[in-house]
**Student:** 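Handing you a structure now.
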Amino acid sequence: MTVLRTSMRNFFAHKGRMALSAVAVLLSVAFVCGTLVFTDTMNTTFDKLFAATASDVTVSPKGASDTGETTADNGKPPVMPASVVDDVRKADGVKSAEGTVFSTSVTVVDADKDSLSPSGGGPTIVGNWNANDARTMKIASGSAPEGADQVMVDADTAGKHDLALGDRIGVITAVGTHRAKLSGIVDFTVTNPGAAIFYLDTPTAQRALVGETGVFTNVNVTAASGFSDAALKKSVATALDGGFQVQTAKEVADANAEDVQEFMGVIKYAMLGFAGIAFLVGVFLIINTFSMLVAQRTREIGLMRAIGSSRRQVNRSVLVEALLLGLVGSVLGVGAGVGLAVGLMKLMGVMGMNLSTDDLTVAWSTPVVGLALGVVVTVLAAYLPARRAGKVSPMAALRDAGAPAGARAGVVRAVLGLLLTGAGGLALYLATAAAKASEGGLWLAAGVVLSLIGFVVVGPLLAGGVVRVLSAVLLRVFGPVGRMAERNALRNPRRTGATGAALMIGLALVACLSVVGSSMVASATEELDKSVGTDFIVQSDTGQLITPQAVDAVKAADGVERVTEYKWSKADFETPDGKTSKDTAITAADPTYAQDLRVETVAGDLADAYRPDSMSVHEEFAEDHGIRLGSQIAVDFADGATARLTVRAITSSDAVIDQGAMYTSIDTLATYVPADRIPLDMLVFASAKDGQEATAYQSLKKALDDYPQYTVRDQTDYKEALKDQIGQLLNMIYGLLALAIIVAVLGVVNTLALSVVERTREIGLMRAIGLSRRQLRRMIRLESVVIALFGALLGLGLGMGWGATAQQLLALEGLTVLEIPWATIGGVFIGSAFVGLFAALVPAFRAGRMNVLNAIATE
């Protein structure tokens, strides 16, 4: 009890000094709990949605997926004849059966041809208005669609795009464009999953989505009283006698939920990973806080030891303070985490996914995990300072506070740090020397971990040299104030090293990712310049396949010399070694594709692969199956016949574009696959006549004006799009890393604040001999800047090393260009100086307000 009372007295006596450490724990725990609550709430919301929207039993064609995604290679959904509905109705236990037709492979535009698809990445769904949808939707205004000229839209989409009754829209599918006017607006009675949903009447939906009436994509079946879903499924399956997929409501909901949970799992663990980085940074803050508090209380601890306190009691006293800090920060963090989850839900609402707080899910494990993490991390971080406190001898009561640590500990630390850093450097070297990316990845991971730990351990040793160099460049111009700031930063290298290490971790990751991102863009750009021989690429950014009508429009554009179609299909390959490769991708293109993409071959000529009954394979596939020029492969095309194709070319497996592709001609594909089952084009390439590039570019855009689902890009546009995609990903990661950097800034603030308290008498004496308040504040700000730059220099250097190593692994996959984004690196380094200035504002202000006499009299 004595230990507990002493710990609580010390904790509340120094609560102001521990406040920033508590905030660091709070932020880290809040991020963890917020992530868990948000993902659990999303899963709950979708579970309710899938349970509410699924009929008792659903019948779908064999070609449809378990989750209801209905896009075939021809751009149309798999369908079954309307007679299936009558067959289902005859089954025992069927109360009602209704045919539905819907597709997600659609683009819907307004009268100005602007897309009405969700901006947040949700699907666009067009289907027929049916009784099952009426269970979860209610008509808010207008009426259900009747006739080919009417369509109904969900209220969220209507509100987002200012749609009103009578407005005209266009539904663009593989069949063509169907135009109609809004007859009604429908509200969700469950959560809107972020989709844009449009309803047509049944005959119109069939014609617009499939191109024929008398077919359905699904049959929704309702069970009669007393029949379970499982019994109904068995009865319906028996009545249909195979050939169809029959699922209960639970099976449909589970299949949908599995996809959502897989996606949410990626988000969850990615966010938890960044929370872990924030926790790691917080460890340095906590270590610094308790180390400085122990140093400031050395005399007090010595007196406690002199009057009978054992080392164990002193040690436990500090650990109990850490426990209290962890509890306070974690409890507040759990509450803040729930608030963060609600904020994320509101953000999702802005993006189009309306999540209700009624579904807010706080599992019992969430606060337990948050409290356990916060407390355990805090106590572990305080262990070393607590152990150091336990070693304080009774004689310390007669000495000044803050006695320096033993030289032996510094030597051991330096040797250990150098060994770890050397081991990390060796692992990074082995990663660059690896023959395979998978092997090198393991060495890279080991090198990152070991070099990071090594830099953290050896930080105090590096602090002396790096701070002196930085001071010589930046601080000496400030005269005596600059020199005092330098000496303050060098006074306790361990403290400076730990403070800089907190900032180092976040900036190392920023630098690493910047190098990798820039190198990927530079490599892809170089590969485009080297390999792509076409002028323009036509594709859909939403993955919609290109219709024959759009292809004809491209071919008719002015200034276009040649057009190449590019299709993708699946087939089963029976190779000469007797093995069968199931569902293997095969690319069918026009012979001119050999000009549009300059693919390196290791044997043969790629142009020969486009001859009748010919194909190419890539080098690794050829080696694995004993294939050489002239070998024949039995290719069983999906939805088609089996062909025996002769291998006319073997391409390099090291290509970046179309890596691992196996080519044949569209004519060969058409020989073995019925015309109505031939896949639509994924891409279309166009090349301009000499000197008419600008004319062709504008002509292509005009030709596709009626097809807003497709985008025309020249090579410059394509490079910019690639750069933007990688940039958006990096910005998202930088945003998540910002939490770790914020915690690191708190560490700098806390270190300076405690340092000011520690140097109270010294500050009073300097003020007494003539140091002005302005000079004092400048001294503290300069000290903060040099510490921040020290951390930035280590972090950026370490991160660039990691990034360069990662690029060497990417080079094994064809991304051969290493590009250092010096502008970004320089901006981050300069930004770190401003971080130092910001962190010093409050400590410098408090130091400047000290009463000189009171400061001198401080014990």
Side-chain angles (χ1 to χ4, degrees), residues 273-274 276-277 280-281 284 414 416-467 469-470 497-498 500-523 726 730 733-734 737 740-741 744 788-813 815-832:
F274 287 102
I277 294 169
L280 180 61
V281 173
F284 294 101
L416 179 61
L418 290 173
L419 287 175
L420 286 169
T421 303
L426 177 61
L428 293 175
Y429 170 76
L430 292 174
T432 63
K436 293 183 178 180
S438 56
E439 297 173 1
L442 296 175
W443 285 116
L444 174 62
V448 167
V449 172
L450 289 172
S451 59
L452 177 61
I453 297 174
F455 264 58
V456 168
V457 175
V458 83
L461 183 66
L462 296 174
V466 175
V467 169
V469 172
L470 288 171
L503 194 58
M504 174 189 77
I505 295 171
L507 297 186
L509 291 170
V510 168
C512 174
L513 293 169
S514 297
V515 170
V516 171
S518 295
S519 297
M520 289 176 66
V521 171
S523 298
I726 294 176
L730 289 178
I733 294 173
Y734 294 157
L737 281 173
I741 295 173
L789 290 179
F790 164 68
L793 198 61
L794 294 189
L796 295 175
L798 192 59
M800 285 192 288
W802 295 346
T805 304
Q807 187 277 326
Q808 291 298 304
L809 295 181
L810 292 175
L812 298 175
E813 301 296 325
L815 299 173
T816 56
V817 179
L818 172 63
E819 180 166 296
I820 306 295
W822 292 112
T824 301
I825 299 297
V828 171
F829 185 73
I830 294 171
S832 299

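Hydrogens, waters and symmetry mates are skipped; everything else that's a heavy atom, side chains included, is used. Along the sequence shown, residues carry numbers from 1. All values reported here derive from a predicted model rather than from experimental measurement.
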**Student:** Rounded at 0.5 Å granularity, tell me how far CG in L737 sits from CD1 in I733.
**Tutor:**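 If I round to the nearest 0.5 Å, the distance is 7.5 Å.
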
**Student:** Is it true that atom CE of M800 has more than 12 heavy atoms of other residues, nucleotides or ligands lying nearer than 6.0 Å?
**Tutor:**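 For M800, atom CE is crowded (more than 12 foreign heavy atoms under 6.0 Å).
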
**Student:** On a heavy-atom basis, which atom in I825 and which in L796 lie closest, and how many Å separate them?
**Tutor:** O-CD1, 3.7 Å

**Student:** Excluding sequence neighbours, so at least two apart, what forms side chain to side chain donor-acceptor pair (under 3.5 Å) with S514?
**Tutor:** Y734

**Student:** Any heavy-atom pair between the side chains of L452 and M504 that's under 4.5 Å?
**Tutor:**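 Side chain of M504 against side chain of L452, heavy atoms only: contact under 4.5 Å found.
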
**Student:** Taking the side chain as every heavy atom from C-beta outward, state whether S523 and L810 have any pair of such atoms under 4.5 Å apart.
**Tutor:**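 Not touching, per the 4.5 Å side-chain cut-off.
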
**Student:** Going by atom type alone, with no hydrogens or angles, which donor-acceptor pairs under 3.5 Å involve a side-chain atom of residues 442-450 and a protein atom two or more places apart or on another chain?
**Tutor:**
none

**Student:** Looking at side-chain heavy atoms only, is the closest gap between I726 and L730 below 4.5 Å?
**Tutor:** yes

**Student:** Please give me the minimum heavy-atom distance between P821 and S518, naming the atom from each residue.
**Tutor:** CB-OG, 3.3 Å

**Student:** For residues T805 and A431, report the shortest heavy-atom separation together with the two atoms involved.
**Tutor:**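 Shortest heavy-atom separation between T805 and A431 comes out as CG2-CB, 3.7 Å.
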
**Student:** With sequence neighbours excluded, tell me which residues meet side chain to side chain donor-acceptor pair (under 3.5 Å) with S451.
**Tutor:** W802

**Student:** Could you check L798, I741, V281 and say which one makes a side-chain contact (heavy atoms from CB on, under 4.5 Å) with I505?
**Tutor:** V281

**Student:** Distance from L812 atom CG to T432 atom OG1, nearest 0.5 Å?
**Tutor:** 10.0 Å

**Student:** Working to the nearest 0.5 Å, report the span between CD1 of I453 and CG of L416.
**Tutor:** 9.5 Å

**Student:** Return all side-chain donor-acceptor pairs below 3.5 angstrom for residues 455-466, not counting sequence neighbours, or 'none' if the list is empty.
**Tutor:**
none

**Student:** Could you tell me which non-hydrogen atom of G497 sits nearest to which non-hydrogen atom of F790, and how far apart they are?
**Tutor:** CA-CE2, 3.9 Å

**Student:** When rounded to the nearest 0.5 angstrom, what is the spacing between CG in L426 and OG1 in T421?
**Tutor:** 12.5 Å

**Student:** Search all heavy atoms of L789 against all heavy atoms of S832 and return the closest pair with its distance.
**Tutor:**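 Answer, listing the atom of L789 first, then S832: CD2-CB, 4.2 Å.
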
**Student:** Would you please name every residue forming a side-chain contact (heavy atoms from CB on, under 4.5 Å) with A522, sequence neighbours left out?
**Tutor:** V817, E819

**Student:** So, taking the atom named CD in Q807 and the one named SG in C512, what distance separates them when rounded to the nearest 0.5 Å?
**Tutor:**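 Spacing of CD (Q807) from SG (C512) equals 11.5 Å.
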
